[in-house]
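Take a look at the structure below.
Heavy-atom basis, side chains included; hydrogens, waters and symmetry copies ignored.
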Amino acid sequence: MLKLLSIYLFICIILLSLLFVSSFVRGKTSYAKVLGFLSLSTQIYILGYLMEINVESLDAMLFWNQVEYFGIPFIPALWLLTCLLYTEHGKAVKGLGLIVVFLVPVTTFVMRLTNSSYHLYYQSISLRNTILGFNALELAKGPFYYLYAVYMIAALIISFVLYYRYYCQFLVEEKSQVSLLTVTSALPLLAIILNIVCTEMSFDFMAVILPVSVLMTFMSLQFYNFLEIRDLGRDFAFEGNLNGLMLLNAQGKVVDFNRKSVDFFNYYDISIKEGDLRTQLDQHPEIYQSIEQKDKSIIKLNIGGGERYFSIVSQRLEDKKIVGRLILIEDITQGEELKKKLIEIANTDELTGLYNRRRFNECAEISFLRAIRDNKAISVLMMDLDFFKKINDNLGHQAGDQVLREMAQTLKKVFRQSDIIGRIGGEEFSVVMDNTDVYQAYEKAEVFRKRLALRKIIYKDVVIPVTVSVGVAELSSGIQKFDDLLMFADNALYKAKEQGRNRTEIAK
């Protein structure tokens, strides 16, 4: 009898080892990982019990009994945790909930480990011969043993109820899985009852029944209705995806696509269907080219008076050889608009809406080099508000900000859209005028100066008189850098200030 029992337990250990490995190699869900730890704990427990019944001395049996308790205390907690995660009650075992679930198991482990000092788990331990013909430990239970027993019974009952309630939500076709999970939760309860009723046998029914229950749970949760679950997963991941997905075979033929990809091709009045993709896109070769290229491509569409952006990524599917491609079509309009906004913020003076100094210098440098290359005229204007510090000192910085905004608006109205306008300092502004000689620039500067002087700028019922001094410089043969041209205009500006302000001076 001992030999048959040992063979059975050894086979259970092998199967539980395979279950543990499978749960971590193939399992993708959180409950699959916990089920793996449950199989490991059960495996440790069965290994300890197998060795316990095959040794003869009391000391050796006590050692292997202690080994069992590296697994036994955690079995009901892991059983309950598997159930909670699978039945979508995972939030209950986060933070404090997880501590509550494992409080009794950890306490049980400590009590058994220190039992020789306190005798609170087993009050006494002796050796006796069982009616099955092999030696066994006779254990007088202590208070913490019964605490653990109550905890284990509660965990199994809760799991039984949760499994039943969860699967009652499904159709009749899925009810067969309910019966299997019901049995898996009932078997350990049966083992506990047998251990209580058949105390004279000194036989651990839990060690015999629990491996079967764990293996049945694994079969139910991982393998039962596997094909249906895979199809549901495909529908959820493919059809429910917020991006367009299209599957091509190695010959470039469409074999599958989701609703979002249909919406994308509808913008081109293309009814996408299974078959050769190149033929379906013969009127839109740019799309086919985007799909064919390896790198991500971006397509811009004008839809309903607005711009929409889509990215297209082609990913190869390989199984020793290329078997097809997965095409991902993603609406990236929000991202592109945000990118534009960030670029605008980086290039724009926040107060006036004009180019900031960095962006102004970049654009001005390009125009300057183009003028030299094409031998064209180019002029630069430097402007500075007269007595701006007094406005800030007397009326406050908000009044000064209002003046700066008014000046920016006047600049936009007077100068051409092709002119480069920027705020390059506190109250300093500059304008670059392509294809404009110094006299044309002077005339435009005078128009601006006079218009600004006539403009009524009102802040809190106070009319603020504003004038501006302007310096103008033109590209000449001796100038090789834009900074030099800007310096000539700046020198003319200071000359205008020295001559009494509110005037325009040309660099000599």
Side-chain angles (χ1 to χ4, degrees), residues 1-2 4-17 19-20 35 37-55 61-83 104-105 107-109 111-112 115 121-122 125 128 130-132 134-142 144-160 181-218:
M1 184 64 184
L2 177 62
L4 290 175
L5 179 60
S6 298
I7 293 173
Y8 166 79
L9 293 176
F10 181 77
I11 293 173
C12 288
I13 292 171
I14 298 299
L15 292 176
L16 288 168
S17 300
L19 190 157
F20 172 73
L35 185 61
F37 283 115
L38 174 60
S39 66
L40 177 62
S41 297
T42 307
Q43 180 184 350
I44 294 171
Y45 165 40
I46 302 305
L47 175 63
Y49 185 70
L50 173 62
M51 298 303 297
E52 179 186 324
I53 62 176
N54 279 278
V55 296
M61 295 180 74
L62 286 174
F63 171 81
W64 288 111
N65 181 265
Q66 179 64 71
V67 170
E68 293 174 39
Y69 276 82
F70 281 88
I72 288 177
F74 307 101
I75 290 173
L78 293 168
W79 190 286
L80 178 60
L81 190 57
T82 302
C83 173
V104 172
T107 303
T108 300
F109 174 77
M111 287 297 102
R112 177 62 187 90
N115 187 71
Y121 195 80
Y122 290 134
I125 301 175
R128 61 170 293 183
T130 69
I131 61 175
L132 297 177
F134 56 87
N135 291 332
L137 292 174
E138 186 170 9
L139 306 167
K141 284 78 173 177
F144 276 96
Y145 179 93
Y146 292 106
L147 173 65
Y148 170 72
V150 170
Y151 172 81
M152 186 173 191
I153 293 171
L156 292 170
I157 292 175
I158 292 172
S159 299
F160 173 87
L181 285 167
T182 303
V183 172
T184 61
S185 295
L187 285 176
L189 288 170
L190 175 62
I192 293 173
I193 294 172
L194 290 174
N195 280 339
I196 294 174
V197 174
C198 304
T199 54
E200 292 298 319
M201 294 182 65
S202 295
F203 179 76
D204 192 348
F205 289 94
M206 184 66 75
V208 176
I209 293 176
L210 186 61
V212 177
S213 187
V214 173
L215 290 168
M216 288 175 64
T217 300
F218 180 80

*After noting the C-alpha distance and the side-chain angles of Val208 and Leu5, does the key distance pass the side chain to side chain contact (heavy atoms under 4.5 Å, CB included) rule?*
CA-CA 8 Å; Val208 176; Leu5 179 60; 3.9 Å; yes
Can you give the donor-acceptor pairs under 3.5 Å from side chains of residues 66-74 to other protein atoms, not counting sequence neighbours?
residue : atom : partner : partner atom : Å
Gln66   : OE1  : Arg112  : NH1          : 3.3
Tyr69   : OH   : Tyr121  : OH           : 3.3
Tyr69   : OH   : Tyr122  : OH           : 2.6

[X] [atom1] to [Y] [atom2] distance, which is reported to the nearest 0.5 Å:
X: Leu50; Y: Tyr45; atom1: CG; atom2: OH; result: 12.0 Å
X: Leu47; Y: Ile13; atom1: CG; atom2: CD1; result: 4.5 Å
X: Leu189; Y: Met152; atom1: CG; atom2: CE; result: 8.5 Å
X: Leu78; Y: Thr42; atom1: CG; atom2: OG1; result: 8.0 Å
X: Ile46; Y: Cys12; atom1: CD1; atom2: SG; result: 6.5 Å
X: Tyr49; Y: Asn65; atom1: OH; atom2: CG; result: 10.5 Å

May I ask you to test the [X]-[Y] pair for a side-chain heavy-atom distance under 4.5 Å?
X: Val214; Y: Trp79; result: yes
X: Met206; Y: Ile75; result: no
X: Pro211; Y: Leu16; result: yes
X: Leu4; Y: Tyr8; result: no

Provide the closest heavy-atom pair for [X] versus [Y] in the form atom of the first, atom of the second, distance.
X: Gly48; Y: Trp64; result: O-CB, 3.5 Å
X: Asn54; Y: Ser6; result: ND2-OG, 3.1 Å
X: Ala155; Y: Leu80; result: O-CD1, 4.1 Å
X: Pro188; Y: Ile209; result: N-CG2, 4.4 Å

**Verdict with reasoning, Leu9 to Ile53, per side chain to side chain contact (heavy atoms under 4.5 Å, CB included)** = CA-CA 11 Å; Leu9 293 176; Ile53 62 176; 4.0 Å; yes
So side-chain hydrogen bond (donor to acceptor under 3.5 Å, both in side chains) across residues 145-158, not counting sequence neighbours, yields none
